[in-house]
Trainee: 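Dropping the structure in here first, questions after.
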Amino acid sequence: MSKQILILPGDGIGPEIVAEARKVLELVNEQFGLGLTLVEGLVGGASIDANGVPLTEETLAVARDSAAILLGAVGGPKWDKLDMAIRPEKGLLGLRSNLELFANLRPAILYPQLAEASSLKPEIVAGLDILIVRELTGGIYFGQPRGVRTLEATEAFPQGERQGYNTYVYSESEIRRIGQVAFESAMKRNKKVCSVDKANVLEVTVLWRDIMEELAKDYPDVELTHMYVDNAAMQLVKAPKQFDVMVTGNMFGDILSDEAAMLTGSIGMLPSASLNSAGFGMYEPCHGSAPDIAGQGKANPLATILSVAMMLRYSVGSESSAAAIEGAVGKVLDQGLRTPDIAGAGNVSVVSTVEMGDAVMAALKA
Ligand code: NAD
C-alpha cells in the first residue's frame, strides 16, 4: 500500500491551516513510525493561477499514487467571475469523481469545553458525537433524466408550461457499499446505525431500507434502526445524543450533515472524509476558504488537524496516532486556548492559528 500523502493547501486560509496540520502530521509520523512521505500540490484558485485549470492531470496522477489527500479549502472572490467550468470548486469535484469518493463521513462532535458555542442548551449537546455517512456520488443529484422541458400547450397554458424534473435513483450495489461503510464505522464506535430514508413515499428508499436490513445480518453486533428524514431532522435538534452513526443518501445527507454541524456551533472544529472502496480518502475541514480572515492568523486549524486524525484512522490504519491527535486537541481546549471563532465569553486565552498548532504539538509531546 502507498505510504504517500498528497497535501493540497488550496486557497484563502487553506495554506495557513494546512501548514499547522502538516506540522502535526510530521510529528506523529515520527512518533508512531508511520513511514509516510508527504508531497504537496496545487488545487483550486492556486492551480488556476499557476496552470489555468483548478486541477491538472499531473496532480490527479499524484493523487492516484497516494494513500490519501489532505486538503485545505478552495475558492475566493478572486476567481468568482470565472466560467463555471474552471472555477476552483471544479477542482474538488474533479477529485471526487475521478477517485470515486462515494462515501462522505462527517462527524459532528461537540467537545464539552465548547458546549456554550452551540445555539442549543448545553445539556442537550455537551459531549455530542455523531457520524453522518452520506452517499456522495449518486442519488437525485446525479440521476438521469434531468432538466427543464416545455410541455405541450393546454387550455390552461396555451403557450405550454415549463417543467423541471430530476430522477432519484439508487442501484442495489450503490446502497450496499455506502451501507457497509456505515456498519464498519459503527463497529469502531458505539455500534448503532440509524438509516434515514423516506420509505413511506419514495420507492427508491424502500429498496434502500431493504438493503440496510440485509446488511445488518452481517453485523450482528450493530443495532440498526430506521428513521424518516423529516423525523430525523426533528430528532437532531430535540435529542441529538441518541445517534451514533447515521447513514443516508446524497440529498438527505447534504441537509442533515449541515444541520448536525451547526449543532456544534463551531465550524472551525469539524473534519470530514470522502472515501472510495479501496480505502483511499480525501480529508478536509467542513468549512470553506474563509477569505474574510485569510492572512490574519485568525483561522482555526483544529478542523484540519482533526482531518489528519481521520486520515490516519481510515486510510493509514493507525488508530493510536489518530486517538493521540484527538486527545491533544482535547488537552489544548482544557487549557483554555481558543482561536477567535470559538472564544465565546468565558475565561479563555485567544491564540493565533500558529499558536494553536504549536499548542497541539506541545500536547502531543507531553
Ligand atoms: P466559509 O466556510 O469559508 O466561511 C464562513 C464563515 O466561517 C466565515 O465568516 C469564516 O471566516 C468562518 N470560518 C470558516 N472557517 C473558519 C476557520 N477555520 N476558523 C475561523 N473561522 C472560520 O464559507 P463561505 O464564506 O460561504 O465561502 C468562502 C469561500 O469558500 C467561497 O469561495 C466558497 O466557494 C468556498 N468554499 C469552499 C469549500 C471547500 O473547499 N470544501 C467549502 C465551502 C465553501
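Note that the coordinates shown come from a computational prediction; the quantities given were computed from them, not determined experimentally. When a ligand or atom number is given, it counts from 1 through the structure's own listing order. For the single chain, residues carry numbers from 1 onward in sequence order.
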Trainee: Heavy atom under 4.0 Å from ligand 1: found in Val74's side chain, backbone, both, or neither?
Mentor: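 Both backbone and side chain of Val74 come within 4.0 Å of ligand 1.
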Trainee: Scan the protein's non-hydrogen atoms and note whether one is under 4.0 Å from atom 26 (O) of ligand 1.
Mentor: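 Given the 4.0 Å limit, the answer for atom 26 (O) of ligand 1 is no, no protein heavy atom qualifies.
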Trainee: Do you know which two heavy atoms are closest between Val196 and Val229, and how far apart they sit?
Mentor: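 So the two residues come closest at CG1-CA, 3.5 Å.
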Trainee: Specify the protein heavy atom at minimum distance from atom 19 (N) of ligand 1: its residue, its atom name, and the distance to 0.1 Å.
Mentor: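 The protein heavy atom lying closest is Asn300 N, 2.9 Å.
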Trainee: Determine, for Lys23 against Asp358, whether the closest basic-nitrogen to carboxylate-oxygen distance falls under 4.0 angstrom.
Mentor: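 Yes.
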Trainee: Give the numbers and elements of all ligand 1 atoms closer than 4.0 Å to a heavy atom of Ala299.
Mentor: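 With Ala299 as reference, the close atoms of ligand 1 come out as 19 (N).
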Trainee: Between the side chain of Ser66 and the main-chain N/O of Arg64, is any donor-acceptor distance below 3.5 Å?
Mentor: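 Pair absent, no side-chain N/O of Ser66 close to backbone of Arg64.
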Trainee: Counting from 1, what ligand 1 atoms have a heavy atom of Glu89 closer than 4.0 Å?
Mentor: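 Under 4.0 Å from Glu89, ligand 1 has these atoms: 32 (O), 33 (C), 34 (O).
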Trainee: Which is it for Leu71 and ligand 1 at heavy atoms under 4.0 Å: side chain, backbone, both or neither?
Mentor: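 Looking at Leu71 and ligand 1, no heavy atom falls under 4.0 Å.
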Trainee: Would you check whether Ala303 reaches within less than 4.0 Å of ligand 1, judged by its heavy atoms?
Mentor: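 Ala303: no contact with ligand 1 (<4.0 Å).
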Trainee: Please work out whether any backbone atom (N, CA, C, O) or any side-chain heavy atom from C-beta onward of Leu92 is under 4.0 Å from ligand 1, and answer side chain, backbone, both or neither.
Mentor: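 Answer for Leu92: side chain.
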Trainee: Say whether, by atom type as modelled, one donor and one acceptor occur between the side chain of Arg338 and the main chain of Leu333 under 3.5 angstrom.
Mentor: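 Between the backbone of Leu333 and the side chain of Arg338 there is a qualifying donor-acceptor contact (under 3.5 Å).
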Trainee: Could you tell me the residue and atom name of the protein heavy atom closest to atom 42 (C) of ligand 1, and the distance to it rounded to 0.1 Å?
Mentor: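 Here the nearest protein heavy atom works out to Gly288 CA, 3.6 Å.
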Trainee: Out of all atoms in ligand 1, which are within 4.0 Å of some heavy atom of Ala73? Include the element for each.
Mentor: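 Reading through ligand 1 atom by atom, the close ones are 40 (O).
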Trainee: Heavy atoms only: which of Val43, Asp80, Leu302, Ile267 lies closest to atom 7 (O) of ligand 1?
Mentor: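 Checking each option, the heavy atom nearest atom 7 (O) of ligand 1 is found in Ile267.
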Trainee: Would you compute the distance between atom CG of Leu92 and atom CD of Glu89 and round it to the nearest 0.5 angstrom?
Mentor: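 CD of Glu89 is found 7.5 Å from CG of Leu92.
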Trainee: How far is atom 29 (C) of ligand 1 from its nearest protein heavy atom, and which residue and atom name does that atom have?
Mentor: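 Checked against all protein heavy atoms, atom 29 (C) of ligand 1 sits closest to Ser289 OG, 3.2 Å.
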Trainee: State the atoms of ligand 1, each with its element, that fall below the 4.0 Å cut-off from a heavy-atom position in Gly76.
Mentor: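 Near Gly76, meaning under 4.0 Å from one of its heavy atoms, ligand 1 has 32 (O).
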Trainee: Considering the heavy atoms of Ala290, write down every atom of ligand 1 situated less than 4.0 Å from one of them.
Mentor: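 Answer, ordered by atom number: 3 (O), 10 (C), 11 (O), 13 (N), 14 (C).
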Trainee: Side chain, backbone, both or neither: which part of Pro291 comes within less than 4.0 Å of ligand 1 when only heavy atoms are counted?
Mentor: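 Within the 4.0 Å criterion, Pro291 contacts ligand 1 through side-chain atoms alone.
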Trainee: For Ser289 and Val74, which heavy atoms make the closest approach, and how far apart are they?
Mentor: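 Heavy-atom minimum between the residues: OG-O, 3.6 Å.
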Trainee: Using modelled atom types only, decide if a donor and an acceptor are shared between the side chain of Gln31 and the backbone of Leu364 within a distance under 3.5 Å.
Mentor: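 Checking the backbone N and O of Leu364 against the side chain of Gln31, a donor-acceptor pair under 3.5 Å is found.
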Trainee: Does a side-chain N-to-carboxylate-O contact under 4.0 Å join Arg106 and Asp258?
Mentor: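 So Arg106 pairs with Asp258 through a salt bridge.
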Trainee: Please identify which atoms of ligand 1 are closer than 4.0 Å to at least one heavy atom of Glu284.
Mentor: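 Listed by number with element, the hits are 41 (N).
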Trainee: What is the closest protein heavy atom to atom 22 (C) of ligand 1, and at what distance does it sit?
Mentor: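 Nearest protein contact, heavy atoms only, for atom 22 (C) of ligand 1 is Ile293 CD1, 4.1 Å.
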Trainee: Does Lys191 pair with Asp221 as a salt bridge, N-O distance under 4.0 Å?
Mentor: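 Salt bridge flag = no for Asp221 with Lys191.
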Trainee: Between Glu184 and Lys188, does any NZ, NE, NH1 or NH2 come within less than 4.0 Å of an OD or OE carboxylate oxygen?
Mentor: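 No, this pair does not count.
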Trainee: Show me which atoms of ligand 1 lie under 4.0 Å from any heavy atom of Gly75.
Mentor: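 Within the 4.0 Å cut-off of Gly75, ligand 1 contributes 32 (O).
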Trainee: Can you check whether a protein heavy atom sits less than 4.0 angstrom from atom 34 (O) of ligand 1?
Mentor: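 Protein heavy atom within 4.0 Å of atom 34 (O) of ligand 1: present.
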Trainee: Between Lys192 and Glu223, does any NZ, NE, NH1 or NH2 come within less than 4.0 Å of an OD or OE carboxylate oxygen?
Mentor: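 Looking at Glu223 and Lys192, the cut-off is not met.
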Trainee: So which heavy atom in the protein is nearest atom 9 (O) of ligand 1, and how far is it from that ligand atom?
Mentor: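 Looking only at protein heavy atoms, the one closest to atom 9 (O) of ligand 1 is Asp292 OD2, 3.0 Å.
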Trainee: Does the pair Arg22/Glu26 count as a salt bridge with the N-to-O cut at 4.0 Å?
Mentor: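 So Arg22 pairs with Glu26 through a salt bridge.
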